[in-house]
2 protein chains.
Amino acid sequence: MRLHFQINISEALYLKNPEESDLGRKIIKHSIELIHDYGFEYFTFKKLAEYIGTTEAGIYRYFENKHRLLLYIVSWYWNWLSLQIVFQTNNIKDPALRLKKVLNLLAAEVEDDDSTLYVNESLLHQIVISEGSKAYLTNHVEADNKLQIFKPYKDLNAAISEMISACNPKYKYPRSLATTIIEMAHFQNFFMHHLPSLTDFAKEKNDSRIVAFLTDLVFAAIQTNTKGKKE
Amino acid sequence: MRLHFQINISEALYLKNPEESDLGRKIIKHSIELIHDYGFEYFTFKKLAEYIGTTEAGIYRYFENKHRLLLYIVSWYWNWLSLQIVFQTNNIKDPALRLKKVLNLLAAEVEDDDSTLYVNESLLHQIVISEGSKAYLTNHVEADNKLQIFKPYKDLNAAISEMISACNPKYKYPRSLATTIIEMAHFQNFFMHHLPSLTDFAKEKNDSRIVAFLTDLVFAAIQTNTKGKKE
DNA sequence: TGTTCAATGATAGTATTACTATCTTTCTAT
DNA sequence: ATAGAAAGATAGTAATACTATCATTGAACA
């Protein structure tokens with residue numbers, strides 16, 4: 001099955017749309033590879049230019065700076081993931097099952113999606129785990145936010161939040177719980193691989209354990225709350 | 001009451017111990033102010049040197065680079081917080097109450113502690129919220145980890161993890177839940193202030209709401225699990 | 001077939017950052 | 001009175017993060 005879809009990214013993120021040219025697509029494809037290899041701090045436009053076989057100036061025609069490029073690929077990921085969620089929960093009626101499907105999509109390893117030729121989703125997933133929060137953890141979050149740059153992340157959050165409310169309309173913290181799910185799916189993965197004593201998954205480093213942890217956490221939270229229990 | 005205590009920080013983090021000289025203490029004090037004002041990305045040793053009235057070279061005698069300095073002050077914070085937890089839970093016997101106290105210490109606003117003359121804990125708390133995860137979200141986490149650099153963070157995690165297990169020895173994910181608590185105490189705070197639609201605290205931006213959310217989440221998780229319920 | 005315009009390539013240059021080196025001054029402990 | 005450590009002063013380098021300009025290519029249209 002080939003899914004044809006539209007990734008919608010704020011125009012504020014680029015100077016020239018990288019989807020619409022060979023060089024643009026090369027920038028996306030190879031920046032994902034290089035950020036993955038070097039880490040965002042040690043990734044530079046100069047290295048990228050050399051790797052692609054173009055010049056720094058060429059890259060600056062597409063992106064103002066490397067932070068904008070990071071925002072672009074991270075937005076791309078959230079957008080893509082939201083579409084995966086739509087496709088894969090489309091025919092599921094039970095909201096609890098829908099939510100479980102989402103936990104899987106968030107925390108399980110991502111395979112490269114062949115329908116997107118210039119994006120390796122598996123590498124991109126790892127970038128989002130390690131570098132994703134740097135997208136918003138800056139001095140200029142609020143300015144960026146005014147440019148609608150975080151819309152894909154917020155949309156995903158809203159979608160998960162609605163599923164939570166569908167499971168239990170009385171639960172008081174659907175948005176914060178959604179944020180917790182998204183961030184913890186990634187942080188537990190990062191810790192599991194790099195600082196394993198901070199998790200309970202040190203022995204068998206397996207994504208399915210993270211899914212189990214998150215499932216336990218989420219359903220405990222929304223089920224307890226049904227009873228209107230209060231401390 | 002004046003509490004005299006020892007902050008223990010890995011020697012790998014500095015070239016010369018900043019606690020032991022005037023200039024060293026000035027570096028700590030003013031780097032906290034500047035990182036708070038500029039954000040870590042726009043903070044430089046040159047700006048710091050000018051602000052203090054010394055030279056870049058002077059700062060490099062204490063810290064190899066600005067990332068090490070960040071690690072230093074973040075470690076300092078986790079160390080200080082662990083001591084606060086020890087002092088403030090010392091005479092509480094009930095593990096659930098101890099845990100609640102910890103949630104408060106983690107998520108409530110921090111006031112400057114006058115017993116530490118060269119550290120403004122309130123500013124430092126805000127830095128840890130915005131920049132704390134950059135301490136480990138790097139290419140060189142594992143090398144840093146081998147130098148024991150994350151010990152204060154891990155110790156805090158272990159302490160909270162033990163409290164969770166004291167509440168419910170059968171709960172399967174005490175470490176991951178502890179990580180979740182620590183990180184979410186900060187992320188919810190960051191989002192509440194900068195991207196409020198990602199939380200349920202947009203209307204009344206109040207730390208106590210975060211404490212309530214975390215309390216609900218944690219006790220739901222550990223109580224549900226007592227029953228050995230399984231999905 | 002020639003012209004035009006956009007995209008890219010090639011090259012150069014600047015300000016700032018992230019350091020390192022060296023030499024001098026100051027202050028403190030013996 | 002003097003040795004030694006800490007700090008100040010100054011200079012310099014390589015890399016980063018850009019900006020500017022001009023030439024080349026290639027497709028599109030007339």
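In the text below, chain A, chain B and the rest are named by the order of the sequence lines, each starting its count at 1. If you're wondering where the values come from, they're calculated on a predicted model, not measured in any experiment.
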(message) Check this one for me: any side-chain N or O of Thr54(B) less than 4.0 Å away from OP1 or OP2 of dA7(D)?
(response) no

(request) Specify the separation, in whole Å, of atom NZ of Lys46(A) and atom C1' of dT11(C). (result) 13 Å

(request) Please state how far atom NZ in Lys47(B) lies from atom C1' in dA18(C), giving the value in whole angstrom units. (result) 13 Å

(request) Send over the distance from Asn17(B) CG to dA5(D) C1', rounded to a whole Å. (result) 16 Å

(request) Please figure out whether Ala57(A) or Ala57(B) has its closest DNA chain D nucleotide nearer the 5' end. (result) Ala57(B)

(message) Heavy atoms from C-beta onward define the side chain here; which of dA17(D), dG9(C), dC19(C) lies closest to that of Arg61(A)?
(response) dG9(C)

(request) Would you check if there is a donor-acceptor pair between the side chains of Asp155(A) and Ser82(A) at a distance under 3.5 Å? (result) no

(message) Distance check, rounded to the nearest 0.5 Å: Asn120(A) atom CG versus His30(A) atom NE2?
(response) 11.5 Å

(request) Write down the distance between CG (Leu34(B)) and P (dT17(C)), rounded to a whole number of angstrom. (result) 13 Å

(request) Among the candidates dT16(D), dT11(C), dA6(D), find the nucleotide nearest to the side-chain atoms of Tyr62(B). (result) dA6(D)

(request) Round to the nearest Å and state the distance from Lys66(B) atom NZ to dT16(D) atom C1'. (result) 12 Å

(message) As a test of reading the structure: which of dT19(D), dA18(C), dC19(C) is closest to the side chain of Asn65(B), going by heavy atoms?
(response) dC19(C)

(message) Heavy atoms only, 4.0 Å cut-off, all strands: where does Thr44(A) land among base, sugar-phosphate and nothing?
(response) sugar-phosphate

(request) Return the nearest nucleotide to the side chain of Lys16(A); candidates are dT8(C), dC19(C), dT10(D). (result) dT8(C)

(message) Check the phosphate of dA7(D) against Ser21(B), side-chain N and O only, distance under 4.0 Å to OP1 or OP2. Yes or no?
(response) yes

(request) Answer with yes or no whether the side chains of Thr116(B) and Glu121(B) bring together a donor and an acceptor at under 3.5 Å. (result) yes

(message) From CZ of Phe40(B) over to P of dT17(C), roughly how many Å is that when rounded to an integer?
(response) 13 Å

(message) Measuring centre to centre across the rings, with the benzene-like ring taken for any Trp, is Phe213(A) within less than 6.0 Å of Tyr173(B)?
(response) yes

(message) Just the rounded figure in Å: distance from P of dA10(C) to CD1 of Ile52(A).
(response) 14 Å

(request) Assess the pair Trp76(A) and His125(A): is the distance between their ring centroids shorter than 6.0 Å? (result) no

(request) Would you classify Glu56(A) as touching base, sugar-phosphate or nothing, given that sugar-phosphate means primed atoms plus P, OP1 and OP2, and contacts are heavy atoms under 4.0 Å? (result) base

(request) Give the rounded distance in Å between these two atoms: CD1 of Ile59(B) and P of dA9(D). (result) 13 Å

